[in-house]
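Worksheet: the structure to be examined is printed underneath.
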Amino acid sequence: MSTPAPTTLDLNNIQGDILSGLPKKTQFYITFNVVDVAKFKKDLNKFIPLIKTVAGVLKDRQAIDDHKKKKLPGLVPLTGVNIAFSHLGFVKLGIDDSTLAPGGDQDPFKLGQRKDAITTLGDPVKLDNNPDWDPEFLQDIHGLILISGESHASIEKKKLEVDAIFGVNTPHASIKEIATIRGDVRPGDEAAHEHFGFLDGISNPVVNGFDTVINPGPKTVDPGVLVTGHPGDPGQTQRAPWATDGSFLAFRYLFQLVPEFNQFLKKNPVKKDGNNNPLTPQQGSELLGARMVGRWKSGAPIDVTPFKDDPALAKDPKRNNDFAFAGEIDTQLRCPFAAHVRKTNPRDDLEVPPSPIPSIPVGPHRIMRRGVQFGPELTDEEKHSGRTTKGRGLLFACYQSSLVNGFQFLQQTWANNANFPPFENLPGDPGLDPLIGQGPRVMSGLDPLDEQQTVSMPTFIVPRGGEYFFSPSLNGLKTTIATAA
Ligand code: HEM
C-alpha cells in the first residue's frame, strides 16, 4: 500500500457516483424528458444542493465505517442523488455540447445508444430497424436521475423531494418521468453477487491522485481516463470549461437468463481439471462457470487458482486482483482467452512482450463500473423448469471520459470480436465473451485439457434498453445548465 500525491481533482465539483460510487442497498434509475425548458433550468437550482459529490460520498463512507466499527445495529440512513443528460437533453436545453462529441455526428454520445446499439454494439434488431428493446428506451430520453440509499423508504422519500422540485405529475411539471427502474442489492449471502451468482465489483480502476489504498492489481490509471478535462482524457484540451470534471455514463438495461445459464452449466460439466483429476458433475459445472467468467462465484480469480475455488483468497483485497495473464499468450490452461474478465480487461496480455506488435495499452480502455441488480430471486418454478419467467438482471452503468475508448470499445472490439485477443499462431479463435458477446456464440478454452475444443452456447444476457449520458460537474450544472431562479 502506498499513498499517492494529494489530488488535483476538485472532489466538491465531481458527482459522487463517478469516483467513489454512491453507497447503496437500493437505487432508482429515473429516465426523464424536459417538458418546460425555462422552468427546468430554474428548478435545477433547487435540485443541485441535493447532489452528492465525491467529497459527500467519502463522508458517507466514513460514517458507514464508524457505524460498523462501533458495531451499531442496522444501516446508516443515507441517500445519494446524481443527475446526467443525454445529447438530446442538451439539445432540448439549448446547450452546445459539441466538445463532448469530438467524433461529430458519428460520436456515440451524439448518436445515442439506440442507434449505436444497431451500428456498433450488435444488439438484436427488429424489422422496423430499431433494437429489440423495451418501448420506454425506444423513445427520446433527455436525462437520468439516480437516487440511491440504504432502504426503500429512504429512496422513496428522496424521490418525493425530487418530484416536488420539478413539479412531477402537476400542471407545472418541468420534467416528465419516462421510466423509474429500481435496482436492489441481492439478499443475504448473495449481496454483491450478480444474478448468475458471481461476486461482482471486485476490479475497478485505481485512480492516480485520488485513491489512497493501492492493492496489488492492474496498473493504476490517470484521472482523465474517467473524468473529463484531466490528464488521460483524450479530449482534455478541447473540452468547454463547463464540460470538465464530468464523465460519460453508459447505461445498459441487461436481462439475465439465470435458469438457462444454470442449465447450461449443468449439462456441460468439465470432466477433468487441468491436472487430469476427474471432477464430479457439480465440480465440473462450477469450473465451467468459473472459466466463462474468469473468476469463481466467490470472486477468486482462476488465473491464480485455476481448478479449485479459494474463498479466503477471494476475500483478500491484497490477492484477489493480483493477476495479469502474464506469459500466457499461447495457453488457455489457466484462463480462457474469451473469459469475461480477460476480454474486458486483458491486463498484461496486450502489453508485455511477446504481446501483439505493436503492444496495445489497456489503461485508456478501463471503465469505472457501478450499477446494481434488479428483479426477484429465482422462483422454485424457474429452478425446476430451467426457464426464465420473471425479469431480472443488471442495471449496468459505467463511467469513462471517452465512450469510444471505454464502453463502446469493450463491447465492440473485444467482447463481440471472436479473434480477440489477436495473438499470432493460435490454432483457433478465442471466441466471443460468453456473457456479453453479441453474435455467433462460440468460445474455446472451456476444457483446460482440450483448449482448442469449441463450445456453442445460447444467449444468457439480453439488452432491453440503455442510453449514453454525461454526468456534469457541479460548476457545469450551475453556470451553464441551470439559470438563476
Ligand atoms: C449482466 C451483465 C454482466 C454481468 C453478469 C457481469 C459480470 C461480471 C463479473 C462477475 C465480473 C467479475 C468481478 C469483477 O472483476 O469485478 C465482471 C467484471 C467486469 N466486467 Fe462484467 N458483467 C456484465 C456486463 C458487463 C458489460 C456490459 C461490460 C462492458 C462492456 C462489463 C465489463 C466488465 C469489466 C471491465 C470487468 C472487470 C474486469 C477486470 O478488471 O478484471 N461487464 N463482470
Side-chain angles (χ1 to χ4, degrees), residues 21 108 113 116-117 120-123 183 186 190 192-206 215-221 225-226 249-258 261 289-304 314 317 320-325 335 338-349 362-375 391-400 403-417 420 432-438 459-466 468:
Q113 198 182 106
D116 205 38
T120 313
L121 304 180
D123 286 14
R186 294 183 58 207
E190 291 301 328
H193 292 244
E194 51 69 47
H195 273 292
F196 294 142
F198 294 83
L199 186 66
D200 203 357
I202 308 165
S203 177
N204 256 333
V206 175
N215 288 312
K219 289 184 202 68
T220 57
V221 302
V225 171
L226 306 167
L249 197 184
F251 169 61
R252 297 275 278 167
Y253 192 23
L254 299 176
F255 283 67
Q256 292 175 252
L257 305 180
V258 181
F261 180 82
R291 289 182 75 81
M292 289 166 75
V293 173
R295 289 185 185 266
W296 297 90
K297 284 189 174 173
S298 68
I302 59 168
D303 197 51
V304 180
N320 66 12
N321 215 12
D322 189 14
F323 63 99
F325 314 116
C335 181
H340 179 60
V341 303
R342 197 168 184 175
K343 277 277 194 190
T344 52
N345 182 6
R347 302 185 181 218
D348 283 0
D349 262 353
V362 170
H365 304 297
R366 301 294 308 280
I367 55 174
M368 189 65 93
R369 288 174 301 131
R370 301 300 180 205
V372 64
Q373 286 65 51
F374 70 90
R392 62 177 66 77
L394 179 65
L395 302 176
F396 176 87
C398 71
Y399 292 96
Q400 55 262 286
L403 291 164
V404 172
N405 285 347
F407 168 74
Q408 192 200 47
F409 187 92
L410 263 55
Q411 183 69 54
Q412 180 191 28
T413 312
W414 288 350
N416 292 358
N417 179 357
F420 181 84
L432 260 58
D433 181 319
L435 297 193
I436 60 167
Q438 302 276 349
T459 300
F460 303 116
I461 292 176
V462 183
R464 302 287 319 170
Y468 297 136

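Positions are given from 1, in the same order as the sequence printed here. Remember, it's 1-based here, ligands and their atoms both numbered in the order they're listed.
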Beyond-backbone contact of Ile436 with Thr344, side-chain heavy atoms, under 4.5 angstrom: yes
Candidate pair His195 and Leu394, rule side chain to side chain contact (heavy atoms under 4.5 Å, CB included), full reasoning: CA-CA 8 Å; His195 273 292; Leu394 179 65; over 6 Å; no
Who's the nearest protein heavy-atom neighbour of atom 11 (C) of ligand 1, and how far? Asp200 OD1, 3.5 Å
For ligand 1, indicate whether the residue Leu199 contacts it via side chain, backbone, both or neither (heavy-atom separation under 4.0 Å). backbone
Heavy-atom distances under 4.0 Å are what count here, so tell me which part of His195 touches ligand 1: side chain, backbone, both or neither. neither
of all protein heavy atoms, closest to atom 34 (C) of ligand 1 is Thr344 OG1, 3.3 Å
Looking at atom 21 (Fe) of ligand 1, which N/O/S atom of His340 is the nearest one? NE2
Applying a strict 4.0 Å limit to heavy atoms, is Asn321 in contact with ligand 1? no
Contact (N/O only, under 3.5 Å) between Arg295 and ligand 1: yes
To the nearest 0.5 Å, atom CG of Leu410 lies from atom CG of Leu121 at 11.5 Å
Tested for side-chain contact (heavy atoms from CB on, under 4.5 Å) against Arg295, the lone hit among Ile302, Val304, Leu199, Ile202 is Ile202
Between Asp200 and Arg369, is there a side-chain N and carboxylate O pair less than 4.0 Å apart? yes
Find all atoms of ligand 1 within a distance of less than 4.0 Å from any non-hydrogen atom belonging to Ser203, and give their numbers and elements. 14 (C), 15 (O), 16 (O), 37 (C), 39 (C), 40 (O), 41 (O)
When distances are taken from atom 29 (C) of ligand 1, the protein heavy atom at minimum range is Phe396 CZ, 3.7 Å
Which atoms of ligand 1 sit under 4.0 Å from any heavy atom of Gln256? 1 (C), 5 (C)
How far is atom 3 (C) of ligand 1 from the closest protein heavy atom, and which atom is that? Leu394 CD2, 3.7 Å
Parallel, tilted or perpendicular: ring planes of Phe460 versus Phe196, cut at 30 and 60 degrees: perpendicular
Got Ser203 and Arg366 here, is their nearest side-chain heavy-atom distance under 4.5 Å? yes
Return the orientation label for the Phe325 and Phe323 ring planes: parallel under 30°, perpendicular over 60°, tilted otherwise. perpendicular
Closest to atom 41 (O) of ligand 1 among protein heavy atoms sits Arg347 NH2, 2.7 Å
Chi angles and distances behind the side chain to side chain contact (heavy atoms under 4.5 Å, CB included) call for Arg252, Ile461: CA-CA 11 Å; Arg252 297 275 278 167; Ile461 292 176; over 6 Å; no
Name the closest protein heavy atom to atom 5 (C) of ligand 1, giving the residue it belongs to and the distance to 0.1 Å. Glu194 OE1, 3.3 Å
Residue and atom name of the nearest protein heavy atom (relative to atom 10 (C) of ligand 1), distance in Å to one decimal: Phe198 CB, 3.5 Å
Ligand 1 contact by Gly393, heavy-atom criterion under 4.0 angstrom: no
Ile436 and ligand 1 - part of the residue with a heavy-atom distance under 4.0 Å: side chain
For ligand 1, which atoms, with element, lie under 4.0 Å from some heavy atom of Ile202? 14 (C), 16 (O)
Check ligand 1 against Phe407 and write out every atom of the ligand that is under 4.0 Å from a heavy-atom position of the residue. 30 (C)
Plane angle bin for Trp414 and Phe420 - parallel if under 30°, tilted between 30 and 60°, otherwise perpendicular: parallel
Taking atom CD of Gln373 and atom CD of Glu194, what is their separation to the nearest 0.5 Å? 7.0 Å
Protein residue, atom and distance nearest to atom 18 (C) of ligand 1, heavy-atom basis: Arg369 NH1, 3.2 Å
Sub-4.5 Å side-chain heavy-atom contact between Pro218 and Asn345: yes
Output yes when the distance from some N or O of ligand 1 to some N or O of Ile461 is under 3.5 Å, and no in every other case. no
